[in-house]
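Here's the structure, in structure tokens; my notes come after.
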There are 2 protein chains.
Amino acid sequence: MGISERKEREKQEMQDLILKAAAKIFLNEGFDKASIRKIADAIEYSPATIYLYFKDKNELFYAIQKQAFHKFFNYFQTVSPNQEPIERLRNLGEVYIKFAIENPGYYDLMFIMRAPMESIENTHDWDEGSKSHNVLHEIVNQCVEKGHFNGQDPFIVAHAIWSFVHGLSALYVRDRMKMFPEKNRENMITEALGVFNDWMKKL
Amino acid sequence: MGISERKEREKQEMQDLILKAAAKIFLNEGFDKASIRKIADAIEYSPATIYLYFKDKNELFYAIQKQAFHKFFNYFQTVSPNQEPIERLRNLGEVYIKFAIENPGYYDLMFIMRAPMESIENTHDWDEGSKSHNVLHEIVNQCVEKGHFNGQDPFIVAHAIWSFVHGLSALYVRDRMKMFPEKNRENMITEALGVFNDWMKKL
DNA sequence: ATAATCTACTAAACGGTGTTTAGCAAAAAT
DNA sequence: ATTTTTGCTAAACACCGTTTAGTAGATTAT
């Protein structure tokens with residue numbers, strides 16, 4: 001019975017169509033401007049149709065967040081595997097920042113905005129994010145095995161490192177660096193990351 | 001001519017009334033629920049009246065942000081002045097986190113939300129925030145004078161430290177720690193801050 | 001082939017939002 | 001006493017997310 005398969009495929013295609021239009025408007029004009037009505041207009045369907053494919057606006061953006069995490073993970077895959085763990089950690093930080101600067105809208109959705117998180121109840125819903133998070137944990141563990149961060153809990157060390165790169169990214173994405181209008185914001189981030197990496201080598 | 005003075009005073013009192021009601025609703029129910037209509041209702045005036053005292057909702061929340069920065073600065077004043085700069089720096093980090101945990105709504109408004117920043121054009125509008133920021137810079141400079149962070153740009157070091165504590169705070173305030181449901185989030189922050197302080201002592 | 005059912009979709013409405021406009025009563029100035 | 005100014009609001013405008021009731025067309029059953 002090929003009909004139900006076609007139906008399934010069409011449902012998938014419709015979801016993708018909505019997702020694609022929503023992501024485009026969101027990245028170009030922001031969350032508030034990406035209204036259900038505007039998204040519906042872009043794909044030439046009525047607003048009510050969107051609710052046949054997504055429970056509400058939060059679930060729609062939870063789906064976009066998943067795609068963002070996928071892209072994020074791909075960035076992580078470019079981290080050189082054949083190097084000292086401490087070098088890989090440095091590389092990971094650079095790639096993290098690179099993603100945030102090149103995809104501020106996605107970064108916002110993943111780590112700052114509230115909307116997509118309201119569709120997350122159990123840990124399972126965070127799977128896509130955990131994949132990237134595990135990369136960090138693995139590398140930190142390797143660093144500890146090689147004698148770095150002596151005596152400190154790898155879980156806490158990983159959280160400290162995440163917090164640092166998130167802090168850099170979040171201040172950038174949410175425009176808290178315009179207090180230094182004479183400074184180049186991207187350079188500031190790179191330099192601060194450099195300082196941090198110098199510190200970590202000594203630990 | 002006492003009339004214009006009374007008028008001025010009454011205008012000030014009305015602004016305070018609006019601000020107080022708005023802050024209360026915002027802190028208890030969040031930004032979206034703090035609608036102009038709801039604020040107007042709380043003070044028993046019509047919604048249009050609020051626009052006689054504030055240009056728009058963004059300016060209203062910019063005013064609340066200013067008050068938040070004032071409170072933030074008071075937290076900073078509790079940092080012990082008669083100690084080694086590196087100890088004061090440690091203390092400053094603790095107080096920063098303490099503020100974020102005790103006043104998540106205010107923290108959000110100061111360092112994460114977009115709304116109040118849309119009323120900021122020139123550096124002058126950020127004065128209230130700069131005051132606190134200068135405290136950090138001063139302490140970092142004293143640390144450098146005492147031989148810490150050798151050779152590194154104090155401005156960048158300060159930004160790195162700010163990014164770190166902001167990262168911890170922002171992940172907490174925006175609920176990105178529920179991925180570790182078995183962990184106590186406040187403890188995690190404290191431990192990560194402890195790890196960071198240990199690092200800094202060695203630099 | 002026809003009748004019954006089910007599917008995909010939408011028009012319209014509900015109850016909200018920020019903001020602006022026109023007008024009015026009371027206070028102040030003349 | 002009359003004019004002007006001030007402080008305020010009712011009502012409207014143009015949006016928003018979401019739900020409901022209903023319909024045209026595809027699918028299934030007879």
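On a predicted model such as this, the values are computed, not experimentally measured, just so you know.
The aromatic ring centroids of A:His133 and B:Phe180 lie less than 6.0 Å from each other.
When the nearest nucleotides of DNA chain C are assigned to B:Lys7 and B:Lys57 by heavy-atom distance, the more 5′-ward of the two goes with B:Lys57. Both A:Ala48 and B:Met14 sit near DNA chain D, but only B:Met14 has its closest nucleotide nearer the 5' end. Position along DNA chain D of the nearest nucleotide to A:Ala34 versus B:Glu44 favours B:Glu44 as the more 5'-ward residue.
Test B:Lys146, B:Glu145, B:Glu138 against B:Gln142 for side-chain hydrogen bond (donor to acceptor under 3.5 Å, both in side chains) and you get one pass: B:Glu138.
When the P atom of D:dT18 is taken as reference, atom NZ of A:Lys38 falls 17 Å away, rounded to whole Å. Whole-Å rounding puts the A:Ile50 CD1 to D:dT19 P distance at 13 Å. A:Lys11 has its NZ atom 19 Å from the P atom of D:dA26, to the nearest Å. Straight-line distance from the CG atom of B:Leu52 to the P atom of D:dT9: 9 Å, rounded to whole Å. Distance B:Phe31 CZ to C:dT17 C1': 11 Å, rounded to the nearest Å. Remark: C1' of D:dT19 and OH of A:Tyr53 are 18 Å apart, rounded to the nearest angstrom. Distance A:Tyr51 OH to C:dA13 C1': 14 Å, rounded to the nearest Å. One can place CG of A:Asp41 at 10 Å from P of D:dC16, the figure rounded to the nearest angstrom.
Within the 4.0 angstrom heavy-atom criterion, no nucleotide atom of any strand lies near A:Phe54. Among the heavy atoms of the strands, none lies under 4.0 Å from B:Asp32. Backbone-only engagement by B:Ser35 is indicated by non-hydrogen atom pairs under 4.0 Å involving sugar-phosphate atoms exclusively.
Considering only side-chain N and O atoms, B:Ser46 lies nowhere under 4.0 angstrom from the phosphate OP1 or OP2 of D:dA10. Checking the phosphate oxygens (OP1, OP2) of D:dC8, no side-chain nitrogen or oxygen of B:Thr49 falls inside 4.0 Å.
Shown here is A:Glu44, whose CD atom has no more than 12 heavy atoms of other residues, nucleotides or ligands within 6.0 Å.
Judged by a 6.0 Å distance limit and a 45° cone about the ring axis, B:Lys57 is positioned over the six-membered ring of B:Phe31. Seen from the ring of A:Phe155, B:Lys183 counts as a face-on cation partner, given the 6.0 Å and 45° thresholds.
The B:Ile36 side chain lies nearest to C:dT19 when the options are C:dT19, C:dA28, D:dA10. The side chain of A:Tyr45 approaches C:dC9 more closely than any other nucleotide in the set C:dA11, C:dC9, D:dT18.
Applying the 3.5 Å distance criterion, the base of C:dG16 shares no donor-acceptor pair with the side chain of B:Arg37.
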